[in-house]
Enquirer: 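This is the structure I want to talk about, given as structure tokens.
Every value quoted in this text rests on a predicted model; they were computed, and no experiment measured them. Computed over heavy atoms, backbone and side chain alike; hydrogens, waters and symmetry mates excluded.
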Amino acid sequence: MKIVVIGGTGLIGSKLVTKLGEHGHRAVPASPNTGVDTLTGEGLDEVLAGADVVIDVSNSPSFEDAAVLEFFRTSTGNLLAAEKKAGVAHHVALSVVGTEGRPDVGYFRAKLAQEKLIEDSGVPFSLVHATQFFEFAHRIADEATDGATVRMPPVLFQPIAGEEVAQAVGRAAVGAPLNGRTEIAGPERFRMDEFFRDALTAWGDPRELVTDPHAHYFGAEMRERDLVPDDGATLGQIKYADWLASVGAR
């Protein structure tokens with residue numbers, strides 16, 4: 001199959017292109033780096049010609065509420081319109097566990113808007129909801145830092161390796177459209193504060209972890225289960241400690 005990967009030069013997209021190619025598919029990375037811009041529509045018609053499946057793992061360069069909403073609305077709208085013209089048979093999008101429960105969170109609200117466009121488009125689709133990536137842990141800690149202190153809430157947290165996210169998205173892409181969603185998460189469930197206390201130690205990071213029930217996660221307080229999947233999610237096999245040992249602390 002010809003599978004176009006929007007965001008195909010990024011963290012998850014580049015892994016997808018490699019994995020799909022190893023399984024005999026023609027995986028085409030599409031991003032501004034390759035001359036495809038979903039915000040303007042530049043290059044979309046050309047790259048989608050003859051495509052069987054489109055995978056969208058692109059992300060907004062800004063997480064500011066208005067900017068991220070505008071990114072997903074515009075980018076997804078342009079992409080779906082081009083897919084209809086090209087006769088694409090399956091649209092796969094990577095989203096986030098918990099979006100539907102927290103529309104008050106700016107990033108989640110933007111992803112919900114993206115999903116609504118996909119659901120209403122008429123293009124057969126699959127949505128893959130993932131928990132936070134291991135590769136994202138440093139940024140989460142940095143966002144929660146005040147001086148030399150990292151403030152984290154004691155809510156449930158179940159991160160996953162980017163490699164296993166790519167595997168799950170790839171499986172969805174070569175399967176029949178779900179016209180619905182599936183959830184994926186890491187094999188271990190932690191308390192967020194405990195995870196990051198251990199992670200700071202493993203990173204050799206001198207910052208102090210403070211447990212704070214009112215600490216914000218990218219601008220909002222999280223409830224107990226906001227960041228973990230429902231029962232029945234597909235779980236990865238790679239544990240954080242093993243992943244960290246394989247890539248180095250930083």
Side-chain angles (χ1 to χ4, degrees), residues 11-12 59-69 72 94-115 127-162 164-165 168 181 183-236 238-244 247 249-250:
L11 170 66
I12 302 300
N59 206 357
S60 173
S62 169
F63 279 19
E64 189 275 324
D65 285 3
V68 72
L69 182 61
F72 282 118
L94 178 60
S95 192
V96 185
V97 163
T99 51
E100 67 284 350
R102 292 301 302 270
D104 57 310
V105 178
Y107 188 83
F108 286 7
R109 184 164 59 250
K111 294 300 286 185
L112 278 175
Q114 179 190 32
E115 293 181 26
L127 301 174
V128 180
H129 280 211
T131 53
Q132 290 65 35
F133 312 152
F134 292 163
E135 291 88 342
F136 202 39
H138 282 285
R139 181 171 181 181
I140 294 173
D142 291 346
E143 289 285 338
T145 296
D146 178 13
T149 301
V150 181
R151 296 187 178 277
M152 288 288 174
V155 298
L156 295 175
F157 187 61
Q158 197 168 343
I160 185 171
E164 294 189 311
V165 174
R181 76 176 192 208
E183 291 189 318
I184 58 172
E188 300 173 289
R189 184 169 288 187
F190 308 90
R191 291 287 173 183
M192 198 172 191
D193 56 335
E194 293 172 356
F195 173 89
F196 281 98
R197 183 174 286 111
D198 291 344
L200 290 171
T201 300
W203 301 342
D205 193 314
R207 287 177 290 181
E208 178 188 6
L209 193 293
V210 173
T211 299
D212 180 353
H214 301 295
H216 281 198
Y217 174 78
F218 291 94
E221 286 188 26
M222 292 291 107
R223 299 176 305 220
E224 172 77 348
R225 295 186 55 86
D226 281 343
L227 300 177
V228 295
D230 295 330
D231 294 340
T234 298
L235 302 184
I238 301 173
K239 296 182 177 180
Y240 182 72
D242 296 334
W243 175 86
L244 192 62
V247 300
R250 193 94 199 169

Enquirer: Quick one, H138 and W203 - any side-chain contact, counting heavy atoms below 4.5 Å?
Expert: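 When only atoms from C-beta onward are counted, W203 and H138 do touch, with a gap below 4.5 Å.
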
Enquirer: Tell me, do S95 and R181 make a side-chain contact under 4.5 Å, heavy atoms counted?
Expert: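 No, every pair of side-chain atoms sits at 4.5 Å or beyond.
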
Enquirer: Is any side-chain heavy atom of M152 closer than 4.5 Å to a side-chain heavy atom of R197?
Expert: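 They are not in side-chain contact.
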
Enquirer: How long is the straight-line distance from CG of L209 back to CD of E194, given to the nearest 0.5 Å?
Expert: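 Result: 9.5 Å between the selected atoms.
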
Enquirer: Is any side-chain heavy atom of E221 less than 4.5 Å from a side-chain heavy atom of H216?
Expert: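 E221 vs H216: side chains touch.
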
Enquirer: How long is the span from the CD1 atom in I238 to the CD atom in E188, to the nearest 0.5 Å?
Expert: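 Separation between the atoms: 11.5 Å.
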
Enquirer: Can you name the nearest heavy-atom pair linking A67 to S62, along with the distance?
Expert: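 Between these two residues, the closest heavy atoms are CB-OG, 3.6 Å.
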
Enquirer: Does any part of the side chain of H129, heavy atoms only, come nearer than 4.5 Å to the side chain of E100, both counted from C-beta?
Expert: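 Contact flag for E100/H129 side chains = yes.
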
Enquirer: Tell me every residue that passes salt bridge (charged side-chain N to carboxylate O under 4.0 Å, His left out) with R191, counting only those two or more places apart in sequence or in another chain.
Expert: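 E224.
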
Enquirer: What closest approach, in Å, do V68 and G106 show between heavy atoms, and which atom pair accounts for it?
Expert: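 Smallest interatomic distance, heavy atoms only, reads CG1-O, 4.0 Å.
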
Enquirer: Measuring only between side-chain heavy atoms, which start at C-beta, is L227 closer than 4.5 Å to Q158?
Expert: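 A side-chain contact is absent here, since even the closest heavy-atom pair is not under 4.5 Å.
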
Enquirer: In Å and rounded to the nearest 0.5 Å, what is the CG to OG1 distance from L112 to T99?
Expert: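 L112 atom CG to T99 atom OG1 measures 4.5 Å (nearest 0.5 Å).
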
Enquirer: Is it true that the side chains of T145 and R207 contain a donor and an acceptor less than 3.5 Å apart?
Expert: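 Side chains of T145 and R207: pair found under 3.5 Å.
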
Enquirer: Any salt bridge between K239 and D242, counting N to O under 4.0 Å?
Expert: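 No, K239 and D242 are not salt-bridged.
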
Enquirer: Got a second to check how far L235's CG is from E164's CD, nearest 0.5 Å?
Expert: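 L235 atom CG to E164 atom CD measures 9.5 Å (nearest 0.5 Å).
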
Enquirer: Could you tell me whether R102 sits above the aromatic face of Y217, with NZ or CZ closer than 6.0 angstrom to the six-membered ring centre and within 45 degrees of the axis?
Expert: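 Here R102 fails the 6.0 Å and 45° test against Y217.
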
Enquirer: Aromatic rings F134 and W243: how do their planes relate, parallel, tilted or perpendicular, breaks at 30° and 60°?
Expert: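 The arrangement is tilted - the two ring planes meet at 30° to 60°.
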
Enquirer: If every non-hydrogen atom of T131 is compared with every non-hydrogen atom of P229, which pair is closest and at what distance?
Expert: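 So the two residues come closest at CG2-CD, 4.0 Å.
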
Enquirer: Please check: side-chain N/O of R109 versus main-chain N/O of P103, any donor-acceptor pairing under 3.5 Å?
Expert: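 Flag set: sc R109 to bb P103 pair under 3.5 Å.
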
Enquirer: With a 4.5 Å heavy-atom cut-off, do Q132 and M192 have their side chains touching?
Expert: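 SC-SC contact between Q132 and M192 ruled out.
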
Enquirer: Among Y240, F157, F196, F195, find the one that has a ring pair (Phe, Tyr, Trp, His ring centres under 6.0 Å) with F190.
Expert: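 Answer to the ring pair (Phe, Tyr, Trp, His ring centres under 6.0 Å) test with F190 among Y240, F157, F196, F195: F195.
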
Enquirer: Are any non-hydrogen side-chain atoms of F218 and I140 less than 4.5 angstrom apart?
Expert: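 Result yes, sub-4.5 Å side-chain heavy-atom pair found.
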
Enquirer: Please walk me through it: do L94 and V165 pass side-chain contact (heavy atoms from CB on, under 4.5 Å)?
Expert: CA-CA 9 Å; L94 178 60; V165 174; 3.9 Å; yes

Enquirer: Hey, is the main chain of V97 close enough, under 3.5 Å, to the side chain of E183 for a donor-acceptor pair?
Expert: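 No; judged by distance alone, with no hydrogens or angles, the pair does not exist.
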
Enquirer: Between I12 and G162, which heavy-atom pair has the shortest distance, and what is it?
Expert: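 Heavy atoms of I12 and G162 come nearest at CD1-O, 3.6 Å.
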
